[in-house]
Amino acid sequence: MILQRAFYQQEVVTVARELLGKILVHESVEVVTVGRIVETEAYLGPEDQAAHSSGGRRTPRNEVMYGPKGYAYVYFIYGLYYCVNVTSGDAPGKPEAVLIRALEPVAGKAIMKKRRRINEEKATNLTNGPSKLCMAMGISKLQNKANLIAPPLYIKDAPHISFSDIAETTRIGVDYAGEWKKRPWRFYIKGNSFISAK
DNA sequence: TGCACGATTCTCT
DNA sequence: GAGAATCGTGCAA
């Protein structure tokens, strides 16, 4: 039921595509939040100028990307927010990961609202962005390097999303990446109302 | 030791 | 659509 190590040891672009529709679960003390992954982006190894591992850069922050696959890479951005990635790839030791950009809330919506500090009827604003979903799911640097093969933070298998239901576009917020910003490595479920942008 | 900047979000116009 | 919020990180010096 929980996705196993081998799932993450495929090509990182494949993992990004396959993660769509899968179920992210975070069990914190007496509180469980669950979301369906509806948008991802792939970041490749040293060659990808959009990645934190660009040029083989290896620092305490991105160290987890160089380790085994299937672990969480959580980083702090803009002095305010967190984003969560899943280390993936078919080459051991190669620093690659999949950014989770949006979720569809499945369970724990009341908690998500509280964590996001919003109070409105529609749920679309809870998890439709990489940092929003971290807030809603209670993910922070404490979850960095978490093993995603077991609780409290893990991803469950779910029915495969057919190719025709997946949209491919360029990645968001990587204008600094030169030619690499043009790569179609952002994936989302077509027509889903929880994606972060068109 | 200093400093520019970011895989974002929110508010206001 | 523009601008602010806000600080850890990375690299130069």
Side-chain angles (χ1 to χ4, degrees), chain A residues 8 11-17 19-20 24 35 37-67 69 71-89 94-105 112-146 148 155 167-188 193-198:
Chain A
Y8 301 103
E11 250 190 297
V12 63
V13 171
T14 300
V15 175
R17 216 182 255 119
L19 274 175
L20 293 177
L24 178 65
I37 298 170
V38 299
E39 180 181 342
T40 61
E41 282 179 3
Y43 287 84
L44 273 63
E47 67 270 26
D48 182 0
Q49 290 180 32
H52 290 170
S53 55
S54 170
R57 185 167 56 187
R58 182 170 185 164
T59 66
R61 179 173 71 145
N62 69 6
E63 176 64 28
V64 65
M65 293 181 86
Y66 289 81
K69 313 307 182 187
Y71 283 75
Y73 168 40
V74 182
Y75 65 89
F76 191 52
I77 188 68
Y78 295 117
L80 297 166
Y81 304 114
Y82 292 98
C83 293
V84 62
N85 296 248
V86 182
T87 62
S88 306
K94 199 175 176 195
E96 301 180 312
V98 175
L99 171 68
I100 299 178
R101 286 194 58 88
L103 299 175
E104 179 178 330
M112 292 183 183
K113 276 191 184 178
K114 196 173 174 184
R115 284 174 175 158
R116 291 271 296 117
R117 290 172 197 180
I118 58 177
N119 188 22
E120 55 185 284
E121 290 305 310
K122 64 171 186 177
T124 49
N125 195 30
L126 285 173
T127 52
N128 62 339
S131 297
K132 294 179 187 179
L133 73 88
C134 282
M135 287 183 247
M137 295 290 293
I139 295 172
S140 71
K141 62 183 170 189
L142 295 175
Q143 279 69 42
N144 192 33
K145 302 190 179 183
L148 297 173
I155 301 176
E168 286 184 21
T169 65
T170 53
R171 295 172 293 181
I172 290 179
V174 293
D175 286 345
Y176 55 84
E179 287 296 306
W180 292 87
K181 75 182 182 188
K182 299 175 185 171
R183 299 301 179 105
W185 289 336
R186 170 171 176 251
F187 306 96
Y188 62 86
S193 53
F194 293 87
I195 60 174
S196 66
K198 289 261 173 91

Please lay out, stage by stage, how A:E47 and A:K94 fare under the test salt bridge (charged side-chain N to carboxylate O under 4.0 Å, His left out). CA-CA 11 Å; A:E47 67 270 26; A:K94 199 175 176 195; 3.7 Å; yes

Counting the atoms with a prime plus P, OP1 and OP2 as sugar-phosphate, which does [X] contact under 4.0 Å by heavy atoms, base, sugar-phosphate, or nothing?
X      : value
A:F76  : sugar-phosphate
A:R101 : sugar-phosphate
A:R116 : sugar-phosphate

If the test is salt bridge (Lys or Arg N to Asp or Glu O under 4.0 Å), which one of A:R101, A:R17, A:R171 qualifies with A:E41? A:R101

Is a donor-acceptor contact shorter than 3.5 angstrom present between the side chain of A:Y75 and the base of B:dA7? yes

Using 30° and 60° as the class limits, which term best fits the ring planes of A:Y75 and A:H52: parallel, tilted or perpendicular? perpendicular

If you check the [X] side chain, which of [options] turns out closest?
X      : options              : value
A:Y81  : B:dA7, B:dT8, C:dG10 : B:dT8
A:R57  : C:dC11, B:dT8, B:dA7 : C:dC11
A:P130 : B:dT9, B:dA7, C:dC11 : B:dT9

Could you tell me the separation between the [atom1] atom of [X] and the [atom2] atom of [N], rounded to a whole number of Å?
X      : N      : atom1 : atom2 : answer
A:M65  : C:dT9  : CE    : C1'   : 15 Å
A:N128 : B:dT9  : CG    : P     : 8 Å
A:R61  : C:dG8  : CZ    : P     : 13 Å
A:I77  : C:dT6  : CD1   : C1'   : 11 Å
A:H52  : C:dC11 : NE2   : P     : 12 Å
A:Y73  : B:dG6  : OH    : C1'   : 11 Å
A:I118 : B:dT11 : CD1   : P     : 10 Å
A:N125 : B:dT9  : CG    : C1'   : 9 Å

Grab the two heavy atoms, one from A:A42 and one from A:V12, that are nearest each other, plus how far apart they are. CB-O, 4.1 Å

Under 5.5 Å centre to centre and under 30° between planes: does that hold for A:Y43 and the six-membered base ring of B:dA7? yes

Would you kindly compare A:T59 and A:L80 by the position of their nearest DNA chain C nucleotide and give the one closer to the 5′ end? A:L80

Testing A:T169, A:V98, A:V13 for side-chain contact (heavy atoms from CB on, under 4.5 Å) with A:F187, which one passes? A:V13

Which residue is it: A:L133, A:T127, A:V38, A:I172? I am looking for the one with a side-chain contact (heavy atoms from CB on, under 4.5 Å) to A:S196. A:I172

Does any non-hydrogen side-chain atom of A:P105 lie less than 4.5 Å from one of A:F194? yes

Comparing A:K132 and A:Y176 on DNA chain B - which has the more 5′ nearest nucleotide: A:Y176

Read 5' to 3' with Watson-Crick or G-U pairs under 3.5 Å, [ ] for crossing pairs and | for partners on another strand, DNA chain C gives |||||.||||||.

Verdict with reasoning, A:E63 to A:K145, per salt bridge (charged side-chain N to carboxylate O under 4.0 Å, His left out): CA-CA 9 Å; A:E63 176 64 28; A:K145 302 190 179 183; over 6 Å; no

